[in-house]
Amino acid sequence: MDAPHSDALLRELTAPQCEAVQHVDGPMLILAGPGSGKTRVVTHRIAYLLSQNIPDWQIAALTFTNKAADEMRLRLDKLAPGQKVWMGTFHRFCAQLLRRYASMVGLQENYSIYDTSDSKQAMKRATEAAGVSTTHASPDQIANVISKAKNKLITPDVMEGQMLSPKETVAAKVYPVYQRQLLTANAVDFDDLLLHVANLLRHSPELRGELDQRFRYILVDEYQDTNLAQYAIVRALSIDHPNLSVTGDPDQSIYGWRGADLNNILDFEKDYPSVKTVRLEQNYRSTPNVLRVADQLIRHNRRRKQKNLFTDNDEGEPVILRWFENGYEEADSIADEIVAAISSDLARPNDFAIFCRMNSLTRSLEHALRGRGVPYQIVNGVEFYQRKEIKDVLAYLHLVNNPGHDVALTRVINTPTRGIGAKTVQRIQAFADSHNIPMLEAARRAEQIESLAKRSVTMVKKFVTIYDRIAARATAPLEELMRCVVQESGYDKFLEKNSDDADDSSPLGNVDELISAAVDFDRRHPDDGSLEAFLEQVALVSDTDAFEENDQRVTLMTLHASKGLEFPRVFIIGVEDDLLPHKRSKEDDAQFEEERRLLFVGITRAKQWLQLSCCKRRMIRGDTRPVIASPFLNELPLEEMKRIESTVQRNYFDHDIDQSGGGDWDLPEIQIRDEVQADVSFDFGANQDEDVLSADDQAREPAPTFDAVAEESSPQEVKSQSIPEIGALKTAADLMSGNRPPLTAFREGTTVRHYDYGEGTILAVSGLGPKRMARVQFADGEHNFRLAFAKLEVVGP
DNA sequence: CTTCCCTCCATTTTT
DNA sequence: TGGAGGGAAG
């Protein structure tokens with residue numbers, strides 16, 4: 001290991017940054033405003049610790065996302081090549097500890113990790129087994145209550161003794177049953193990873209001491225998002241060696257609804273009286289214009305720590321606040337603006353991001369962008385690992401790894417269909433429950449299940465035989481095992497029968513890709529080629545991380561997903577009452593303040609340019625309703641912002657609604673309810689044919705209707721109308737068509753040709769599904785491609 | 001047991 | 001508006 005020289009590390013850091021970096025022993029709280037170079041400070045500090053001859057294995061850096069951990073590792077590697085600091089998510093940290101100490105909590109070391117849908121499934125079963133009526137609580141609600149309880153380290157027996165709401169009472173009855181079933185299945189859910197480890201540390205002082213000793217320097221990122229379980233873990237590891245340093249910003253806490261406890265950061269100074277507190281308040285990201293808006297807004301929160309954000313950046317353009325007639329106009333206008341900026345070479349697609357409160361709001365944007373041939377990506381669309389065919393194949397593997405994985409068994413026992421119906425499964429389940437054995441075991445003893453028909457017994461037995469054939473290969477390389485699953489189970493034939501198109505979003509293509517992921521894994525882990533490790537990887541690495549900033553595409557995402565990112569130009573849409581402070585968040589102050597922080601996070605993503613917009617009405621769940629502006633808008637420095645009432649008039653409705661309005665609009669009382677009700681009969685889309693454009697309308701061009709725009713956009717038109725050519729991409733429409741080789745053809749070492757860069761060799765492939773990426777070495781350097789969209793030809797092996 | 005249709009539901013979602 | 005899950009028919 002190369003210990004970097006400490007002087008070099010401190011160069012180019014501001015005074016507060018230096019102060020944080022040079023802190024070695026004792027607790028430290030870094031209050032880091034948005035864009036204040038937080039990651040830089042953390043990585044430099046780790047490098048500094050190493051330079052002070054602290055062994056790398058004594059340091060652990062905990063993050064919430066894999067993405068953050070990867071980023072940190074990458075940057076640290078540049079400062080201190082070859083170090084072996086433990087870096088990763090809380091969940092992975094716990095998963096690894098739990099592998100080792102599984103027996104102490106009643107698990108075996110090959111335990112399975114249930115993902116959210118697995119756990120829902122299990123919860124459903126537990127609810128049935130608990131025999132409680134579900135009229136007062138949906139499975140989702142029960143799951144929520146239990147998850148929250150786990151995050152607060154509340155065990156089933158403790159919960160039972162508490163004062164509870166009706167919903168919680170139901171959940172309290174399900175909880176112990178659910179936990180027992182998980183244990184029987186040798187499985188944990190995401191929350192359990194934390195819960196088990198927290199309990200372990202609490203109940204075993206020896207182990208706690210040992211681990212405290214081992215991880216002497218602990219760094220936690222995004223500390224404002226920790227829940228009680230995480231807090232307890234970190235605390236337990238910082239008693240004898242309280243060298244805990246946490247980084248966070250109370251103003252960016254937006255996961256309270258998932259159990260994050262703002263008190264952890266607000267009270268950190270109370271927990272550790274000797275704490276050193278460092279404030280990073282200089283912002284390197286945004287213009288003063290953007291920053292002032294953010295600051296004014298967040299000042300309205302009461303539960304926070306005062307910060308003084310400032311920046312040396314250029315003033316930039318004023319923040320825009322824009323008011324549209326409806327969601328379609330909003331989408332069209334934004335898309336038009338993006339097209340204009342791109343085609344006049346002022347910006348590239350990846351300079352833009354569009355944020356919204358709800359995923360469903362991206363739909364009209366997608367439509368508008370697609371119609372104009374603007375390439376875009378939606379972060380958190382359908383995830384690869386959530387697809388049915390992938391879950392199916394993985395379920396077989398889960399079952400091989402852990403025969404107790406009942407959720408997996410339920411999933412595959414009749415997939416592909418082999419004549420084992422719901423009734424049969426239910427009976428097996430009941431038998432398993434009454435004997436306290438896994439369902440697979442019950443299936444083996446099918447003939448002992450009295451309620452089962454002869455025919456069913458035969459079918460079940462047949463399934464067990466198939467399973468055994470697969471399980472016999474458990475220790476084979478993953479690729480082989482996976483192919484075996486697909487063949488033996490008959491899944492390949494099943495897929496072929498059900499797949500019509502052979503492009504890469506087809507089930508067959510996806511399974512192919514899963515196999516190629518297995519190949520990658522085999523290659524990277526030649527020695528321990530373990531199924532267990534692969535499954536853990538899959539469970540803990542979601543593909544949300546695969547957001548690609550170098551891709552030439554506009555990014556659409558929720559405000560939540562935007563945290564930690566930055567973009568030159570940002571649009572935040574739907575800044576409306578009941579949407580941005582969401583309707584369901586208005587009951588208590590804590591939630592309301594969290595909504596405000598959400599907007600704060602969105603605003604502070606913008607580097608140079610920002611537009612907030614709201615509409616007079618918006619279609620929500622099928623019907624169009626009048627809408628009023630968000631109360632948060634009143635809290636912004638309106639006088640210095642550029643306010644625009646919709647400029648482009650589009651003929652969405654058969655008649656127009658109050659275009660007069662003129663002049664400045666008064667935000668505080670945007671109450672259009674009355675006008676609209678007076679003017680009700682709008683019913684867009686439906687009557688457009690009857691009401692052919694009048695001369696008046698035609699004069700006021702452009703007046704394409706929403707549908708017309710979409711219809712007209714044939715690929716040719718798209719080309720002429722918009723972006724000539726952006727980087728290595730032409731238009732999205734271009735790329736979506738045409739014959740491309742299957743994604744699995746791209747492997748490490750494959751020679752490919754790109755029409756711009758010439759021939760190159762693939763250095764690495766990562767990610768799955770539409771997010772699969774390749775790093776390619778060309779004569780003039782390395783380039784990254786998203787395989788589903790890249791124009792790459794396969795030349796050699 | 002499977003399939004198809006209808007009804008009901010609908011923030012946010014790092015792991 | 002759209003998707004997922006439950007119930008009735010083949």
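Reminder, nothing fancy here: chain letters follow the sequence lines and each chain counts from 1.
Computed from coordinates, the A/Tyr328 OH to C/dT1 C1' distance equals 8 Å when rounded to whole Å. In this structure, A/Lys148 atom NZ and B/dT13 atom C1' are separated by 12 Å, rounded to whole Å. Atom CD in A/Glu71 sits about 15 Å away from atom C1' in B/dT14, given to the nearest Å. In this structure, CG of A/Asn66 is placed 17 Å from P of B/dT13, rounded to the nearest angstrom. Between A/Leu98 atom CG and B/dT15 atom C1' there is a gap of 14 Å when expressed in whole angstrom units. Rounded to an integer number of Å, the gap from A/Ile420 CD1 to B/dT2 P is 9 Å. In this structure, CZ of A/Arg418 is placed 16 Å from C1' of B/dT2, rounded to the nearest angstrom. B/dT13 atom C1' lies 11 Å from atom CD of A/Gln386, rounded to whole Å.
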Notebook entry, point to check: Tell me, for nucleotides 2-10 of chain C in 5' to 3' order, what letter each nucleotide earns: B for a base near a protein heavy atom under 4.0 Å, S for only sugar-phosphate near one, - for neither?
Noted result: S---S----
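An OP1 or OP2 oxygen of B/dC1 is reached within less than 4.0 angstrom by a side-chain nitrogen or oxygen of A/Thr424.
Heavy atoms of A/Asp115 sit nowhere under 4.0 angstrom from any nucleic acid atom.
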Polar atoms only, N or O, under 3.5 Å: list the protein pairs with nucleotides 3-12 of chain B and their distances.
{"residue": "B/dT11", "atom": "OP1", "partner": "A/Arg584", "partner atom": "NH1", "Å": "3.3"}
{"residue": "B/dT11", "atom": "O4'", "partner": "A/His582", "partner atom": "NE2", "Å": "3.4"}
{"residue": "B/dT12", "atom": "OP1", "partner": "A/Asn359", "partner atom": "N", "Å": "3.1"}
{"residue": "B/dT12", "atom": "O4'", "partner": "A/Arg357", "partner atom": "NH2", "Å": "3.4"}
{"residue": "B/dT12", "atom": "O2", "partner": "A/Arg357", "partner atom": "NH2", "Å": "2.3"}
{"residue": "B/dT12", "atom": "O2", "partner": "A/His560", "partner atom": "NE2", "Å": "3.4"}

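Each of A/Thr116 and A/Asn414 has a nearest nucleotide on DNA chain B; the 5'-most of these lies closest to A/Asn414. Of the residues near DNA chain B, A/Arg258 and A/Ala422, the one whose nearest nucleotide (by heavy atom distance) lies more toward the 5' end is A/Ala422.
Considering every non-hydrogen atom in both A/Gln386 and A/Asp115, the closest pair reads NE2-OD2, 4.0 Å. The two residues A/Ile603 and A/Ile572 come nearest to each other via the heavy atoms N-CD1, 3.7 Å.
Side-chain atoms of A/Gln224 do not come within 3.5 Å of backbone N or O of A/Asp251 as any donor-acceptor pair.
Other residues, nucleotides and ligands contribute more than 12 heavy atoms inside 6.0 Å of the NZ atom of A/Lys391. Residue A/Lys462 places its NZ atom among 12 or fewer non-hydrogen atoms of other residues, nucleotides or ligands, all under 6.0 Å distant. Open room surrounds NZ on A/Lys423; 12 or fewer heavy atoms of other groups in view lie less than 6.0 Å from it.
Between A/Tyr114 and A/His405, the ring planes lie tilted relative to each other; the angle falls in the 30° to 60° range.
Remark: A/Trp86 pairs with A/Phe93 by the ring pair (Phe, Tyr, Trp, His ring centres under 6.0 Å) rule, at least two apart or across chains.
Glycosidic conformation, B/dT11: syn, with the torsion inside 90° of 0.
For the C1' atom pair drawn from B/dT12 and C/dG5, the interatomic distance equals 23 Å after rounding to whole Å.
When ring centroids are compared, A/His560 and A/Trp257 come within the 6.0 Å threshold.
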